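Residue numbers begin at 1 in each chain, while the letters A, B, ... track the order of the sequences. Treat the numbers as computed from the prediction; the structure is a model and nothing was measured.
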Amino acid sequence: MLPRISATHVSVKSFERNRVVPRLPSAFMVDGYEPPIIEAKWQQRWAADGFYNVENDDPRPHWYTLCMYPYPSGAAHMGHVRNYTFGDLIVRYRTMNGYAVLSPMGFDSFGLPAENAAIKTGRHPREFTDERIEMLRSSILRIGAVYDWRRQVTSHSAEYQKWTQWIFLKFLEAGLAYRRNAPVNWCPGCQTVLANEQVNADGTCDRSGDIVEKRDLEQWFLKITDYAQQLLDDLDDLDWPERVKIMQRNWIGRSEGAEFSMAVVDASGQPRSDGTSIKVFTTRPDTSFGMTYAVMAPEHPLVDVVVTDDRRAEVSAFVATARKASDVERMSSEGSLDKRGVFTGSYVLNPFSKDPVPLYLADYVLMGYGTGAIMAVPAEDQRDWDFAKAHDLPILRTIQPPADFDGEAFTGDGLHINSGFLDGMGKTESIAAAIAFLESEGIGKGTINFRLRDWLVSRQRFWGCPIPVINCDDCGMVPVPEADLPVLAPDDVEFLPTGESPLGLHAGFFETSCPKCGKPAHRETDTMDTFVDSSWYYLRFCDPWNTEQPFSTEAVNAWMPVDQYIGGVEHAILHLMYARFFTKALSDLGVAPANLREPFTRLFTQGMIRLDGDKMSKSKGNLVAPEEILDTDGADALRLAHLFVGPPQDDVDWEGVGIDGCSRFLHRVWRLALGETGSAPADRAPNERDTELERRTNRLIVKVTDDYERWAYNTTVAAFMEFTNELYRYVQTDEGPRKATLDAAIDTLMLLMAPMAPHITAELQEMRHGDDIHRLSWPVADESMLAVEFVTLVVQVNGKVRDRIEVPAETDAATAEAIALASEKVQAHLGGVPPRKVICKPPTLVNLVAG
RNA sequence: GUCGGAGUGGCGGAAUUGGCAUACGCGCUAGACUAAGGAUCUAGUGCCCGCAAGGGCGUGGGGGUUCAAGUCCCCCCUCCGACACCA
């Protein structure tokens, strides 16, 4: 019987035509291991028997394993294979350890590719998406991963959209969702707004190549900044990779400082009649005496007020340029700082020195951070230094730099000078004193600033979840009543290559009536960022059948928080931050349980797959398709290869993934388990060699269990190979194997390998014993068999290994020293002189320090 | 620029707590089986000197701590990733 292999790989015609050697299972002719056949068999059985479907009231202890739900891009690629291999082995391992494991799968099914395809082909994105979901689903099945498919969630389904919109309305009601004008990326070629990820690094449009501009448009935001401090604080308790936590901390960007107002004055220090002042934020209020000018962002609302008439023309020109400038131009103007700022003609009064200092506009000050204006202290800030040099502004040191300091701005700590009442103080002390001064003067206070901005969630797109709001000329913005949810995008739409969302052009969707007054009104045509969908899907998995609410608190309590979340490190910031924000907000709104403050207890971020150093992706055209390997070497070999290639968190180069070695190993296991290698087993009392193998078997249980717990899967596979090599030697000895010993060794190996190579172990277990390996319990080592009888005593002279001696494991220090000194090799290196010092770590090491 | 991660044989990597560097696999070499081998089995394989016994060197580079350093400390180099004017 031939294994089922797709015709293109074995047909003689294709062989001759392509002159390519077809990829055949390396050893299928010599043993009965035919992965495509047994894998299909077991996958069908797992799908049919529902063993991995779990109920919320399952009496076993609960465990929730989740892989980040994928965007349905078609057949699975190697990144999926890697991700789901990790997830699946945990599901199977935890199940064998007696847990009820929730392992759901769903699809992040809104997004641009489907919409772009619709524009290209005219097909509705839903059709396209549903098709892709089926492709991905079936190729995930072929990896052998098991899920509770009853719980599948797709973000474009009507039910899911209904609850996404319901949650949005809750946020709106609570003031967590709001609308305001914001600058967005506008592509003049496509006549539409672009998401940041659609803008290339050089500031051009991903699709048309036009230079993207900034435009002000009404946009929807979610108030994640309300949670900035909590999002920062709660990171500490999460069992997450440290680098992800660091990235999140940096993204939140908390900084302590002070905020204070300065009166706008003329050159002589006379305040304006309207009493205008500007507010600045600084982290270094202690350096205020060194402020020799101040700067506002070009977008600052007071620009028009403070600019003097003689400067107006120049300032207006500067503001216009700065606003129009793309990010590219802003960056390329580096080095020409004189052109990146302009004097307003006004001054502000330095409240510390009481001196008037010039007020500038410069594009290095951002409206979106702090107050949009700064005090400039060139002596202690390098950007201010550079700007001061370019504009011939004075520089006054307020901190004494060390004698050997040869830099420009000095940002370190030191004693204050030229600083009035702060003179002689260090940094910490003077910051406190400066804040106290601002407060006593009533012009400022200590404040905390975050870099984190509110989350812009509106997208001018069709293929996303519509924002459930109606705009009425009389009533303004009116939420869609809950009974009318979900608001769904229409089916009969035309996709034009203009880039404009078809929702606004579709009268049936756009034209509606106001739920409040009943007059004609218009639907909101913006849809939500797909990150909104992925911010709560893990909650829906707990209760996917609920038609009354997005999920019940009981169901969520049964599983949340996720015990193990697995995904790519590319989501380290946005997705994980948004999901954490949603969990906290839903908890505060009473939708999620009050005590659920974090969604993901443990996070694992896997490395990327590269090909010759490049990130493997469809757009780069360097994909290695898993299908071919699944058709030949099989899913188990592919899974093992992914696990064996290196530590799970590291990036891997596809070249290094050794399928052949893993396939060969599985064939070896197959032949061993079915007695196709070595001498016939005998029934006998255990001899020394048998007992040693039993000890090794028990040690393997300990080693592998430990490895599973600490994600050291590459060394687990190595241990399996090592053990199998040992068994080969064992069965090939003259006296042959002892049946009971060999069977126990192989049975144990099967159990330990089952989560990683689920098909072959299931098949062999069934052939050997007629039962189902995945329903058996994880093995426990026999403590009495873990002892080691003999160990190698390493003898060093001056730290260099000079001899190795087998000694009983219970050898004590004195004996070890005596044995070491008795070694001829050691004596030769000591040169007959007794050692000056002896370090003894019995029973494995003695280091003799020569005199 | 700032922050983070990494650098070990020809290659992927192992060494969990400062204690035998290079487990396991790939590749390569030799042998066995064979009509044949891109199958299978067995053995060898860090580099240098040496017939061998043995010796020397060796974890990006330089210094240090220690009886002992891939592992700890300081400086430097290279590569990768994230954020990029955040006051």
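Side-chain N/O atoms of A:Asn250 include none lying less than 4.0 angstrom from OP1 or OP2 on B:G4. Residue A:Arg729 places none of its side-chain N or O atoms closer than 4.0 Å to OP1 or OP2 of B:U42. A sub-4.0 Å separation between OP1 or OP2 of B:C41 and a side-chain N or O of A:Arg668 is present. Of the side-chain N and O atoms in A:Lys841, none sit less than 4.0 angstrom from OP1 or OP2 of B:G19. Residue A:Ser255 places at least one side-chain N or O under 4.0 Å from the OP1 or OP2 atom of B:A87. Side-chain nitrogen and oxygen atoms of A:Lys703 include none within less than 4.0 Å of the OP1 or OP2 phosphate oxygen of B:A15.
In this structure, A:Leu666 places its CG atom 13 Å from C1' of B:G25, rounding to the nearest Å. Look at CD1 on A:Ile252: it is 19 Å from P on B:C3, rounded to the nearest Å. In this structure, A:Tyr369 atom OH and B:C83 atom P are separated by 18 Å, rounded to whole Å. Spacing between atom CD of A:Gln732 and atom P of B:A32 amounts to 17 Å, rounded to whole angstrom units. Taking atom CG of A:Asp650 as the reference point, atom P of B:G12 lies 12 Å away to the nearest angstrom. Look at CD on A:Gln649: it is 14 Å from C1' on B:A14, rounded to the nearest Å. In this entry the distance linking CZ of A:Phe387 with C1' of B:A87 reads 14 Å, nearest Å. Counting to the nearest Å, the C1' atom of B:G13 and the CG atom of A:Asp707 are 14 Å from each other.
Although no hydrogens or angles enter the test, the distance criterion places a donor-acceptor pair under 3.5 Å between the side chain of A:Asn847 and the main chain of A:Gly799. In this structure a side-chain-to-backbone donor-acceptor pair under 3.5 Å is present from A:Asn350 to A:Ser288.
The CH2 atom of A:Trp240 sits 14.5 Å away from the CZ atom of A:Phe604 when rounded to the nearest 0.5 Å.
Listed candidates were B:U16, B:G25, B:G12. Nearest to the side chain of A:Val645 is B:G12. Residue A:Phe644 has its side chain nearest to B:C24 when only B:A21, B:G56, B:C24 are considered. Closest to the side chain of A:Leu845, from the set B:G54, B:G19, B:G12, is B:G19. Comparing atom distances between the A:Phe281 side chain and each of B:U16, B:G27, B:A87 picks out B:A87 as nearest. The side chain of A:Met721 approaches B:G25 more closely than any other nucleotide in the set B:G25, B:A21, B:A14. In the set B:C20, B:C85, B:A23, B:C20 carries the atom at the smallest distance from any side-chain atom of A:Arg804. Distance from the side chain of A:Met247 is smallest for B:A82 among the nucleotides B:A82, B:A87, B:C20. Out of B:A14, B:C20, B:A87, the shortest distance to the side chain of A:Asp381 is found at B:A87. Among the nucleotides B:A14, B:C57, B:U40, the one closest to any side-chain atom of A:Arg664 is B:U40. Side chain of A:Asp363, nearest nucleotide from B:C24, B:C85, B:C67: B:C85.
Across B:A15 and B:U71, the matching C1' atoms stand 9 Å from one another, rounded to whole Å. Taking atom C1' in both B:C11 and B:U65, the straight-line distance is 35 Å, to the nearest Å. Spacing between B:G58 and B:C47 at atom P, rounded to whole Å, works out to 16 Å. Spacing between B:G13 and B:A36 at atom P, rounded to whole Å, works out to 40 Å. Comparing the P positions of B:U17 and B:U66 gives a spacing of 23 Å, expressed to the nearest Å. Separating the C1' atom of B:G70 from that of B:U16 is a span of 14 Å, rounded to the nearest Å. Going from the C1' atom of B:G56 to that of B:G64 covers 24 Å, rounded to whole Å. Separation of the P atoms belonging to B:A21 and B:G46 is 14 Å when rounded to the nearest angstrom.
Nucleic acid contact for A:Asn725: sugar-phosphate only, since backbone atoms but no base atoms lie under 4.0 Å from a heavy atom of the residue. Among the protein residues, A:Ile573 comes within range of the sugar-phosphate backbone only, with heavy atoms under 4.0 Å from sugar or phosphate atoms but none that close to a base. Across all strands shown, A:Arg249 has no heavy atoms under 4.0 Å from either base or sugar-phosphate atoms. Counting non-hydrogen atoms under 4.0 angstrom, A:Arg243 reaches the backbone sugars and phosphates but no base. Among the protein residues, A:Tyr728 comes within range of the sugar-phosphate backbone only, with heavy atoms under 4.0 Å from sugar or phosphate atoms but none that close to a base. Counting non-hydrogen atoms under 4.0 angstrom, A:Asn847 reaches a base of the nucleic acid. Across all strands shown, A:Gln796 has heavy atoms under 4.0 Å from base atoms, whether or not it also approaches the sugar-phosphate.
Under the Watson-Crick and G-U wobble criteria, each requiring two contacts below 3.5 Å, nucleotide B:G70 is left unpaired. With both pairing distances under 3.5 Å, B:G10 is matched to B:C26 as a Watson-Crick or G-U wobble pair. With a cut-off of 3.5 Å on both pairing distances, the Watson-Crick or G-U wobble partner of B:U40 is B:A32. For B:A82, the paired base is B:U2 (Watson-Crick or G-U wobble, both distances below 3.5 Å).
Checked by atom type, the side-chain pair A:Glu806/A:Thr792 shows a donor-acceptor distance below 3.5 Å. Side-chain atoms of A:Asp660 and A:Ser663 form no donor-acceptor pair, as typed in the model, at a separation below 3.5 Å. Defined by atom type and a distance below 3.5 Å, a donor-acceptor pair is present between the side-chain atoms of A:Arg668 and A:Asn725.
For A:Tyr360 and A:Phe387, the ring centers are positioned less than 6.0 Å apart.
Shown here, B:G12 is classed anti by the O4'-C1'-N9-C4 or O4'-C1'-N1-C2 angle, which is more than 90° from 0.
Judged by closest nucleotide on RNA chain B, A:Gly799 is the one of A:Gly799 and A:Asp384 placed further toward the 5' end. Toward the 5' end of RNA chain B, the nearer of the two residues A:Asn798 and A:Gly658, judged by each one's closest nucleotide, is A:Gly658.
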side-chain hydrogen bond (donor to acceptor under 3.5 Å, both in side chains), that's the test. Do A:Ser679 and A:Gln732 meet it? Break it down for me. CA-CA 6 Å; A:Ser679 333; A:Gln732 289 175 1; over 6 Å; no
Check step by step if side-chain hydrogen bond (donor to acceptor under 3.5 Å, both in side chains) holds for A:Glu408 and A:Gln382. CA-CA 7 Å; A:Glu408 297 176 334; A:Gln382 189 61 41; 2.6 Å; yes
